[in-house]
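So you know, we letter chains A, B, ... as the sequences are listed, proteins then strands, and number each from 1.
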Amino acid sequence: MLTKKQVEEILQTIGEMFPEAECELTHTNPFELLIAVVLSAQCTDALVNKVTPSLFAKYKEPEDYLAVEQEELEQDIRSIGLYRNKAKNIKKLSRSLVEEYNGEVPESRDELMKLAGVGRKTANVVSSVAFDFPAIAVDTHVERVSKRLGICRWKDNVTQVEETLMKKIPQDQWSVTHHRLIFFGRYHCKAQSPKCDVCPLLDLCREGKKRMKKKEGTA
DNA sequence: AACTCGGGGCA
DNA sequence: TGCCCAGAGTT
């Protein structure tokens, strides 16, 4: 596992690689943020942002989602993929908010995770971004990159990855770190074909050095 | 633990 | 043109 100082250096380097890394989710209130994050499962924020302007113009409150047929909602979010599941979850989630939470978005992760379509990652994003709850959202990119670089352990489960990241990164950098690691994971340290041969972090990266060595052997 | 949903992005 | 996904639910 890397030290705090090493992690700091790595994050700074990644920040220089992707200066454009910043939160792409646009939201004006907790409910819109919740919907946007639910929609973003298995697709990019950029793609979600193509539908949210018209979506949020049409649907302001949970009641608005309950007022239309599910087929209509499906068409409104069709271009993002997985739209049937997501439309069904949003209808169900809106009903829960109206009936059980007085129309308000709950603030705690545990309550958020009871909602349809809201898992651990979505709950962490909403509670931390909308309600300043101390949490780091760990998605597949963040987890993979953290493990490859040695920021956390290989055997760590998601909870342990979260804890390690929160321990090694100053709280005021959690949000930007999340997005830096996502950019790094998506465009550089990719799941299938990481660009180890042109990676400025290779000297620090156990996994990268292992991969380069293996590559030499097979070449 | 493996499977499903799905249009868009990228090789 | 065919792969692969910024997750969550179900079995």
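Between A/Lys147 and A/Asp156 there is no salt bridge, since no side-chain N of the basic residue sits under 4.0 Å from a carboxylate O of the acidic one. Salt-bridge annotation for A/Glu143 and A/Lys121: absent, with no side-chain N of the basic residue lying under 4.0 Å from a carboxylate O of the acidic one. The existence of a salt bridge linking A/Glu162 and A/Arg120 is confirmed by a sub-4.0 Å separation between a basic side-chain nitrogen and an acidic carboxylate oxygen.
Atom CE of A/Met1 is separated from atom CG of A/Leu149 by 13.5 Å, given to the nearest 0.5 angstrom.
Contact check, A/Thr140 against C/dG7: a side-chain N or O comes under 4.0 Å of OP1 or OP2. For B/dG9, the OP1/OP2 oxygens have a side-chain nitrogen or oxygen of A/Lys50 closer than 4.0 Å. Under 4.0 angstrom from either OP1 or OP2 of C/dG7 there lies no side-chain N or O belonging to A/Arg120. Side-chain N/O atoms of A/Tyr83 include one lying less than 4.0 angstrom from OP1 or OP2 on B/dG7. For C/dA8, one of the phosphate oxygens OP1 or OP2 lies less than 4.0 angstrom from a side-chain nitrogen or oxygen of A/Thr122. In this structure, A/Gln192 reaches the C/dC5 phosphate: one of its side-chain N or O atoms is under 4.0 Å from OP1 or OP2.
Place A/Asn89 and A/Gly185 on DNA chain C by their nearest nucleotides, and A/Gly185 ends up nearer the 5' end. Annotation: of the two residues near DNA chain C, A/Leu115 and A/Tyr187, the 5′-most nearest-nucleotide partner is A/Tyr187.
Taking atom NZ of A/Lys121 as the reference point, atom C1' of C/dC5 lies 12 Å away to the nearest angstrom. Whole-Å rounding puts the A/Glu143 CD to C/dG7 C1' distance at 12 Å. Atom CD1 of A/Ile77 and atom C1' of B/dG8 are 15 Å apart (whole Å). In this structure, CD1 of A/Ile80 is placed 15 Å from C1' of B/dG9, rounded to the nearest angstrom. Regarding A/Arg84, its CZ atom lies at a distance of 17 Å from the C1' atom of C/dA8, rounded to whole Å. The distance between atom CG of A/Leu82 and atom P of B/dG9, rounded to the nearest whole Å, is 14 Å. When the C1' atom of C/dA8 is taken as reference, atom CG of A/Leu93 falls 13 Å away, rounded to whole Å. Distance, A/Asp45 CG to B/dG9 P: 14 Å, rounded to whole Å.
For the P atoms, the distance from C/dT1 to B/dG6 is 24 Å, rounded to whole Å. Only the C1' atoms considered, C/dA6 is 23 Å distant from B/dA1, to the nearest whole Å. Nucleotides C/dG7 and B/dC10 are separated by 16 Å at their P atoms, to the nearest Å.
Looking at A/Thr28 and A/Glu32, their side chains do bring a donor and an acceptor atom within 3.5 Å of each other. In summary, the side chains of A/Glu111 and A/Tyr101 do present a donor paired with an acceptor at a separation below 3.5 Å, with no hydrogens or angles considered.
Backbone-only engagement by A/Leu47 is indicated by non-hydrogen atom pairs under 4.0 Å involving sugar-phosphate atoms exclusively. Within 4.0 Å of A/Asp139, counting heavy atoms only, lie sugar-phosphate atoms of the nucleic acid but no base atom. Within 4.0 Å of A/Leu181, counting heavy atoms only, lies no atom of the nucleic acid at all. Contacts of A/Val38 with the nucleic acid, taken as non-hydrogen atoms under 4.0 Å apart, are absent.
For A/Ala41, counting side-chain heavy atoms from C-beta on, the closest listed nucleotide (B/dG6, C/dG7, B/dG7) is C/dG7.
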